[in-house]
Number of protein chains: 2
Amino acid sequence: MRITTQGDYALKCILRIAADGPQGPVSISRIVDKEGLPLDYLEQLLLKLRRSRLIKSVRGARGGYLLNVPVASITVAHVLRAAEGEIFELICDRKKKDGKKCKGSEDCVLKDVWKNLKNKIETYLGSVKLKDLLKKTRCTVT
Amino acid sequence: MRITTQGDYALKCILRIAADGPQGPVSISRIVDKEGLPLDYLEQLLLKLRRSRLIKSVRGARGGYLLNVPVASITVAHVLRAAEGEIFELICDRKKKDGKKCKGSEDCVLKDVWKNLKNKIETYLGSVKLKDLLKKTRCTVT
DNA sequence: GAATACCCGATATTTTTTGTCAAGTTTAGA
DNA sequence: TCTAAACTTGACAAAAAATATCGGGTATTC
Ligand code: FES
Ligand code: FES
């Protein structure tokens, strides 16, 4: 189980946008310079962030990205959901090779474990605000 | 983010072994019959469970698997760790394409988020005991 | 109109997960 | 002792997901 680079990169992008946005739109190439991540890949991630309305874009020369909502209202959960889809997917909902799946019974004790886990993960990540992350130091990738 | 079938299947296997073990060693084919999972794949998972000493095997005709430790002492975390390796891997510890990695600084606020999340996940899964799961109903795969 | 920079669908590569195979060893029981 | 049941193990194959790249497009500034 792990956070994928999509979520990680998306978070780094939006933190950079939140940090530098006040000085004007933040371009992808600026993010690439500061964070050292693959440009074409970030483009896709930023598109997802925009489509989920967390950021907005300014096209044309001197364009870039800006937050679309107050930084205080964005949580890590919001960003991960935008970049990765559901934060924690229940394995019970996935189809296996031959179309088999967990029988949908609602009183399965294993499913309860996964549901509780999902709940705990989402509660925690929903409690971490970008605003708080901005205050403290963050590493670079080298 | 999700639990893989490895963890899911391993848990189903060990629950079956815990449930039927008292009547003698539980063979893979018995597990396959009851749970409807791929035999050759389970073989690998059971090997991992044995190597991590959660179960033991009885070879030869009428052989199979038995728990190697009291059922009360096994948690979901134990089983997942045996089957999947680390339950939650910090992305900060993974290498990227060109050998890049998070600079190992210990005061990175993002890394703190992931560490807290890891901690919460492991604490919860470490609190769920097989013994308790056995008491309640569990679904079948169809 | 030239340069900057986002838009977006398609495709390619790599890694991980999932599943399969085959040849071997051990043991119970006839 | 012979045979069938059942675990052991490493290697291999297939499928899915994650990661990355490309190319032609559009909008905006200067
Ligand atoms: S519903 Fe998925 S394991 Fe029971
Ligand atoms: S150490 Fe990984 S994001 Fe900072």
Side-chain angles (χ1 to χ4, degrees), chain A residues 1-10 12-13 17 20 24-33 35-52 55-66 68 80 83-86 89 91 94-100 141, chain B residues 1-10 12-13 17 20 24-33 35-51 55-66 68 80 83-86 89 91 94-101 141:
Chain A
M1 209 191 317
R2 80 177 69 99
I3 295 292
T4 65
T5 63
Q6 285 179 68
D8 186 50
Y9 291 179
K12 282 170 174 160
C13 284
I17 294 167
D20 296 355
V26 183
S27 69
I28 296 182
S29 55
R30 179 183 177 85
I31 299 174
V32 169
D33 285 348
E35 309 285 345
L37 305 171
L39 189 144
D40 288 312
Y41 194 30
L42 294 192
E43 210 164 42
Q44 295 179 59
L45 298 175
L46 288 165
L47 190 60
K48 289 189 192 176
L49 293 182
R50 183 174 65 77
R51 286 185 174 151
S52 61
I55 62 177
K56 62 189 168 195
S57 63
V58 179
R59 301 183 66 167
R62 309 262 249 144
Y65 297 91
L66 292 169
N68 192 42
L80 291 185
E84 300 192 2
E86 263 211 295
E89 185 188 5
I91 189 168
R94 290 168 67 90
K95 276 204 184 134
K96 296 176 180 49
K97 207 185 178 184
D98 40 6
K100 283 185 179 178
V141 176
Chain B
M1 209 189 321
R2 83 178 69 97
I3 295 292
T4 66
T5 63
Q6 283 179 69
D8 186 49
Y9 291 178
K12 283 171 175 160
C13 283
I17 293 167
D20 297 354
V26 182
S27 69
I28 295 183
S29 56
R30 178 181 178 87
I31 298 174
V32 168
D33 285 347
E35 309 285 344
L37 304 171
L39 189 144
D40 287 311
Y41 195 29
L42 294 192
E43 211 161 47
Q44 294 179 58
L45 298 175
L46 288 166
L47 189 60
K48 289 188 192 176
L49 293 181
R50 183 173 64 76
R51 285 183 174 153
I55 61 176
K56 62 189 167 192
S57 63
V58 179
R59 300 184 68 168
R62 308 262 249 144
Y65 297 91
L66 292 169
N68 192 41
L80 292 185
E84 300 192 2
E86 262 211 295
E89 184 188 7
I91 189 169
R94 289 169 67 87
K95 276 205 186 133
K96 297 176 180 46
K97 207 185 178 187
D98 41 7
K100 283 184 179 178
K101 238 183 70 172
V141 176

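By convention in this document, chain letters (A, B, ...) are assigned in the order of the sequence lines, proteins followed by strands, and residues within each chain are numbered from 1. Heavy atoms only: backbone and side chains are in, while hydrogens, waters and symmetry mates are out.
- Between atom SG of residue Cys13(B) and atom CD of residue Glu43(B) there is a gap of 11.0 Å, rounded to the nearest 0.5 Å.
- In this structure, Ile17(B) CD1 and Ile31(B) CD1 are separated by 4.5 Å, a value rounded to the nearest 0.5 Å.
- Within the 4.0 Å cut-off from OP1 or OP2 of dC7(C), at least one side-chain nitrogen or oxygen of Arg50(A) is found.
- Heavy atoms only, all atoms of each residue included: Ser27(B) and Gly63(B) are closest at CB-O, 3.9 Å.
- Distance NZ (Lys48(A)) to P (dG9(C)): 13 Å, rounded to an integer number of Å.
- In this structure, of dA20(D), dC7(D), dG19(C), it is dC7(D) that holds the atom nearest to the side chain of Ser27(B).
- Contact annotation: Arg30(A) does not reach the phosphate of dT4(C) (side-chain N/O to OP1 or OP2, under 4.0 Å).
- The shortest heavy-atom contact between Leu45(B) and Ala10(B) is CD1-N, 4.2 Å.
- Interatomic distance, Leu42(A) CG to Glu35(A) CD, rounded to the nearest 0.5 Å: 9.0 Å.
- Remark: Ser57(B) is in phosphate contact with dT8(D), judged by side-chain N or O atoms under 4.0 Å from OP1 or OP2.
- Between Glu89(B) atom CD and dT17(C) atom C1' there is a gap of 14 Å when expressed in whole angstrom units.
- Mapped onto DNA chain C by nearest heavy atom, Glu43(A) and Arg2(A) fall at different nucleotides, with Glu43(A) at the one closer to the 5' end.
- Taking 4.0 angstrom as the limit, Thr4(B) places a side-chain polar atom (N or O) nearer than this to OP1 or OP2 of dT18(C).
- One finds no side-chain N or O of Arg51(A) lying less than 4.0 angstrom from the OP1 or OP2 phosphate oxygen of dC6(C).
- Side-chain N or O atoms of Lys48(B) include one that pairs as donor or acceptor with a backbone N or O of Ala83(B) at under 3.5 Å.
- Looking at residues two or more places apart in sequence or on another chain, you find a side-chain contact (heavy atoms from CB on, under 4.5 Å) between Arg50(B) and Leu47(B), Ile55(B), Ser57(B).
- Counting to the nearest Å, the C1' atom of dA6(D) and the CG atom of Asp33(B) are 14 Å from each other.
- Nearest nucleotide to the side chain of Tyr9(B), out of dA18(D), dC21(C), dG19(C): dG19(C).
- Rounding to whole angstrom units, CD1 of residue Ile91(A) and P of dT17(C) are separated by 12 Å.
- With sequence neighbours excluded, the residues satisfying side chain to side chain donor-acceptor pair (under 3.5 Å) with Arg2(B) are Glu89(A).
- Look at CG on Asp40(A): it is 12 Å from C1' on dC7(C), rounded to the nearest Å.
- Taking atom CG of residue Asp8(B) and atom P of nucleotide dG19(C), one finds them 11 Å apart after rounding to whole Å.
- Atom CZ of Arg94(A) and atom P of dG19(C) are 11 Å apart (whole Å).
- Looking at the side chain of Thr5(A), the nearest of the listed nucleotides dT8(D), dA20(D), dC7(D) is dA20(D).
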Heteroatom pairs (N/O) under 3.5 angstrom, protein to nucleotides 26-30 of chain C:
residue : atom : partner  : partner atom : Å
dT26(C) : O2   : Gly60(B) : N            : 3.4
dT27(C) : O2   : Ala61(B) : N            : 3.2
dG29(C) : OP1  : Arg62(B) : NE           : 3.2
dG29(C) : OP1  : Arg62(B) : NH2          : 3.2

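- Closest to the Ile28(B) side chain, of the nucleotides dC7(D), dT9(D), dA17(D), is dC7(D).
- Between the side chain of Gln44(A) and the base of dT21(D) there is at least one donor-acceptor pair of N/O atoms closer than 3.5 Å.
- Protein atom CG of Leu39(B) is 13 Å distant from nucleotide atom C1' of dT8(D), rounded to whole Å.
- Here Tyr65(B) reaches the OP1 or OP2 of dT8(D): one of its side-chain N or O atoms lies under 4.0 Å away.
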